[in-house]
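Below is one structure, written out as structure tokens; comments come after it.
First the proteins, then the strands, lettered A, B, ... as listed; each starts at 1.
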Protein chains: 2
Amino acid sequence: MENLRLLNKRIVSRINANLREFNFDAGSFAANAIEYDKLSRFYCLYGVTSCHPIDFNFRNASMAGSYFLGKCSVNQSIIYKSDIRGDELKRKGDIMDQENPLPLIEDETIVINNSLLYKTLVHHNSRNPETPEEFTIRNTVSSHYANIHGATMEGCFLGPFSTIDLMDLHSCIIGEFSYIQAGELFHKKIDPGVIHIETDEFCFKFKYKPEILAKYIGVNDSFQPRGLIYNFVTGKEPEYEHLFRLVDVDPVDAPDSSAVNRHAVIKGDTRIGENVLISQGAYLNNALMGDGSNAQENTYIIDSRLMGMDVTAHGGKVINTDVGQKTFVGFNSFLFGKEKARLIIGKGCVVMPHTIIDIKTPLEILDNSIVWGYITCEKDLKTNSIAMDKLNQFAGTLNIGDMIFKGNGKSFIDAFVQRIEHILEANGAYCKDGSELRGHAQNGQQISFNILHPYRSGNNEGIYPSIRIRP
Amino acid sequence: MENLRLLNKRIVSRINANLREFNFDAGSFAANAIEYDKLSRFYCLYGVTSCHPIDFNFRNASMAGSYFLGKCSVNQSIIYKSDIRGDELKRKGDIMDQENPLPLIEDETIVINNSLLYKTLVHHNSRNPETPEEFTIRNTVSSHYANIHGATMEGCFLGPFSTIDLMDLHSCIIGEFSYIQAGELFHKKIDPGVIHIETDEFCFKFKYKPEILAKYIGVNDSFQPRGLIYNFVTGKEPEYEHLFRLVDVDPVDAPDSSAVNRHAVIKGDTRIGENVLISQGAYLNNALMGDGSNAQENTYIIDSRLMGMDVTAHGGKVINTDVGQKTFVGFNSFLFGKEKARLIIGKGCVVMPHTIIDIKTPLEILDNSIVWGYITCEKDLKTNSIAMDKLNQFAGTLNIGDMIFKGNGKSFIDAFVQRIEHILEANGAYCKDGSELRGHAQNGQQISFNILHPYRSGNNEGIYPSIRIRP
């Protein structure tokens, strides 16, 4: 196992060099997070379909429990129980930047070098025009349930349950449960619980109060997570184990137009409509998935109903909740209705990323609302929501509760509406007759998984052989 | 699936070109043997250990249900439920030919091109000095339960349950249940049920009567097998299925010095001694495996006892039988004792390859005997065995029953004794303290398996992506 320990040391030294101005040591996170025996025992998966580009290239890496799809290159990295999706990679000849319409000279690849990704989701839809052929994560350590979403990462540390969305990040530290979508950041340290969305046309900011955040997601001295949301997730982990013991599982009852990933937990009285996407790691118990809805990676839909065309973004948790048509539940949101305190969300709403709704009495959110932050009762809604119509007509600076909005409300609304439409289209929610407008739901059906193991003994224990898979 | 059908056609056209003088058409075998839906559904396995050379290279191949270990290159081939072992590959620097002691310039590789191997075992210990760095199977079709053992193959068709052992074969047809070890053969058609071992110093020949062979192994017009032995094997197939559904199975109770392959069936009151090797596909039910014994690939040890240091070569079937110490049971032998008609085989015996013993009353074979052919009772032993001592002193021509021996008896005995010692050493039967004299039993313990899947849809359905695995 010497080589695996050396690999860990090398990764830590690289990230520490990137973050030296902050006197940050990623070593304590790594030392407390990594269980070496699991790295040598667990396998990783590479998805093979006829619909996705196939090119998988591993060198000196440990990838226990991880999932890969599409063109991925992994070098000198430890990727543990992470999910790296390449189903939105651009192809040779695609035009990325309409203002500078030079086509890609080769298919795009996800490149992960000198990094430790721990239970991290990397979904990719990069908008970085600097290197359109390569989506890069380099010298980066990300911790439990972080999301790297179409974001170029260099020399960063991501705290637990943080999300970096559609941007570039260089030599930054991101606090736990923060969500950042802000173009490009250099050498910044972001506090925990910050929600920050910024473009040329608007800026949205919210920050959790530390005492509230600590209840749901906190970290100890070595950045290991604790709190209610973390306990919720770890409590469900044993229910996935049997899925990984079997090479193939019996398919779940679902329409031909829908895809239920074989590494999703489906239980109770769960019903799945047409054009539905249920991704790996999703957990559905007594869930109604209306036509065109999706449950993305690491989502939990429990005792809840999604009426149709609903998006549950990565890590979203929807419990004892009814979600109206075409409502968006953002990354890592925790919608915690109770059996006797049901949460009703109207049609066409946007639940902002990293929203926590934890109620003791029933609560209803009106159609076409935007909600954010921390909501426990009707009263909180006043300081944590706005009607879309109202924001649509707004320009200037707006303070509501702990939220501050600056800029053009219509641009903000348009950006969300466009994004939701893109997600629905990409996931195949609008598929017709099984052929027109196909998306992930249809293309992910005929998937098979290569199960790749590390060396089990010797100096290379826990390291994988070099593996290249091509069409 | 177009590409898979095209691949099949191409393989058939190549072998037919090699065998055109015989007006042979491998197409009827292929058309009746291949089940295309299984080719696209079953996975193949590549073993990863720290003790074996790792280099696996696939291009345009279908390998459903097959098992690979070591340096293997597979191109333009269909390999179905076959077992390709590379654990005896020579290494760079090894000297192969003492008379021409040039070291190998690189590690040896198994190369399989333009071939269809159907439920075939390829074990490798090549003695071909012409291409020491490459062990080649080219333009060859082999059928159910054939063994290719250290034998270079070019343009051949092997019938069901045939064995080609330590030789070179070019443009030959081998009949079902024939065993050939005869240096080099060109453009020959070998009848079914021929046992032929020939060196410069001796020649051993036996041929089954067609009416007897037909009872145990026959073929129909398209070379598909039938008969008692085939039915025996196919009857056991369902018992392996659960082993292939699971990624990892719980280890079988066995001493640290022994290896029990995870794709072996172990049931009943089976006991496993020290330094025992139980290979993939072995089937043990109420079996006593004495210290240093082995049950190689596709062997069946049922209600039987192996007293120690016993070799059960590939495909050997040992039922209601006691096997004395250091006795060799050759390839594909079928030792069919009954509950009330036990077979007792003495110490130090050689059961020649492809021997059938099918008894209705108890039978005992004396220590240090050589037996061959077809034995159903005490009387048959007279025409199908000889004491080793007697053959050891013989030179000339010897006819016993349907067997004819020519040459030097001592050379024949010495060759077998040496080979048995080599097999025991290579398998680790003499291992001490877990480190000295290690062999397959010890080196195969810390194995993990990569599970590789084909495309499940599209033109390439049933074909595997190109895969390269290296250290």
Side-chain angles (χ1 to χ4, degrees), chain A residues 1-3 40-60 63-65 71 241-250 262-263 442-471, chain B residues 1-3 40-60 63-65 71 241-250 262-263 442-471:
Chain A
M1 210 166 253
E2 295 94 297
N3 290 336
S40 68
R41 224 165 58 230
F42 294 174
Y43 60 80
C44 77
L45 295 160
Y46 179 68
V48 173
T49 82
S50 61
C51 301
H52 298 103
I54 284 184
D55 194 342
F56 188 48
N57 197 355
F58 281 161
R59 281 179 301 174
N60 199 37
M63 302 168 300
K71 278 188 86 173
E241 284 169 12
H242 75 282
L243 297 173
F244 285 87
R245 288 206 69 199
L246 296 167
V247 177
D248 280 307
V249 297
D250 295 330
R262 56 139 297 177
H263 293 104
Q442 292 76 37
N443 293 338
Q445 288 173 340
Q446 292 292 323
I447 198 165
S448 58
F449 291 100
N450 287 346
I451 294 179
L452 306 171
H453 276 101
Y455 288 102
R456 282 209 176 138
S457 62
N459 288 349
N460 281 319
E461 185 179 343
I463 303 271
Y464 284 61
S466 302
I467 298 175
R468 185 88 194 248
I469 301 176
R470 283 191 283 192
Chain B
M1 209 167 253
E2 296 92 297
N3 290 336
S40 69
R41 223 166 59 231
F42 294 174
Y43 60 80
C44 78
L45 296 159
Y46 179 66
V48 172
T49 82
S50 61
C51 301
H52 298 103
I54 285 184
D55 195 341
F56 188 49
N57 197 355
F58 279 160
R59 281 179 300 175
N60 198 36
M63 302 168 300
K71 281 188 83 173
E241 283 169 12
H242 75 284
L243 296 172
F244 285 87
R245 287 206 72 198
L246 296 166
V247 177
D248 280 307
V249 297
D250 295 328
R262 58 139 294 178
H263 294 103
Q442 293 76 37
N443 294 339
Q445 287 172 342
Q446 292 292 325
I447 197 164
S448 57
F449 291 100
N450 288 345
I451 293 178
L452 306 171
H453 276 101
Y455 289 102
R456 281 209 177 140
S457 62
N459 287 351
N460 280 319
E461 185 180 343
I463 302 271
Y464 285 61
S466 302
I467 298 176
R468 185 85 192 250
I469 301 176
R470 283 192 282 191

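With respect to chain A, the highest number of heavy-atom pairs below 4.5 Å among B/I447, B/L452, B/V247, B/D248 belongs to B/V247. For the options A/E461, A/R245, A/H453, A/R59, heavy-atom pairs under 4.5 Å to chain B are most numerous at A/H453. Interface summary for chain B: among A/S457, A/S448, A/G458, A/P471, the most heavy-atom pairs under 4.5 angstrom belong to A/S448. Per-residue counts of heavy-atom pairs under 4.5 Å with chain B were compared for A/N460, A/I54, A/L45; the largest is that of A/I54.
From A/F58, atom CZ reaches atom CD1 of B/I469 across 10.5 Å, with rounding to the nearest 0.5 Å. Distance check: A/R456 CZ to B/Q446 CD gives 7.5 Å after rounding to the nearest 0.5 Å. Interatomic distance, A/F449 CZ to B/I451 CD1, rounded to the nearest 0.5 Å: 13.0 Å.
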- Task: Give the C-alpha distance, both sets of side-chain angles, the deciding distance and a yes or no for side-chain contact (heavy atoms from CB on, under 4.5 Å) between A/T49 and B/Y455.
- Result: CA-CA 6 Å; A/T49 82; B/Y455 289 102; over 6 Å; no

- List the steps and the verdict of side-chain contact (heavy atoms from CB on, under 4.5 Å) for B/N450 and A/N450. CA-CA 7 Å; B/N450 288 345; A/N450 287 346; over 6 Å; no

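Residue B/V48 comes nearest to A/P454 through the heavy atom pair CG1-O, 4.2 Å, listed as atom of the first residue, atom of the second, then distance.
Contact annotation for A/F244: only backbone heavy atoms (N, CA, C, O) come within less than 4.5 Å of a heavy atom of chain B.
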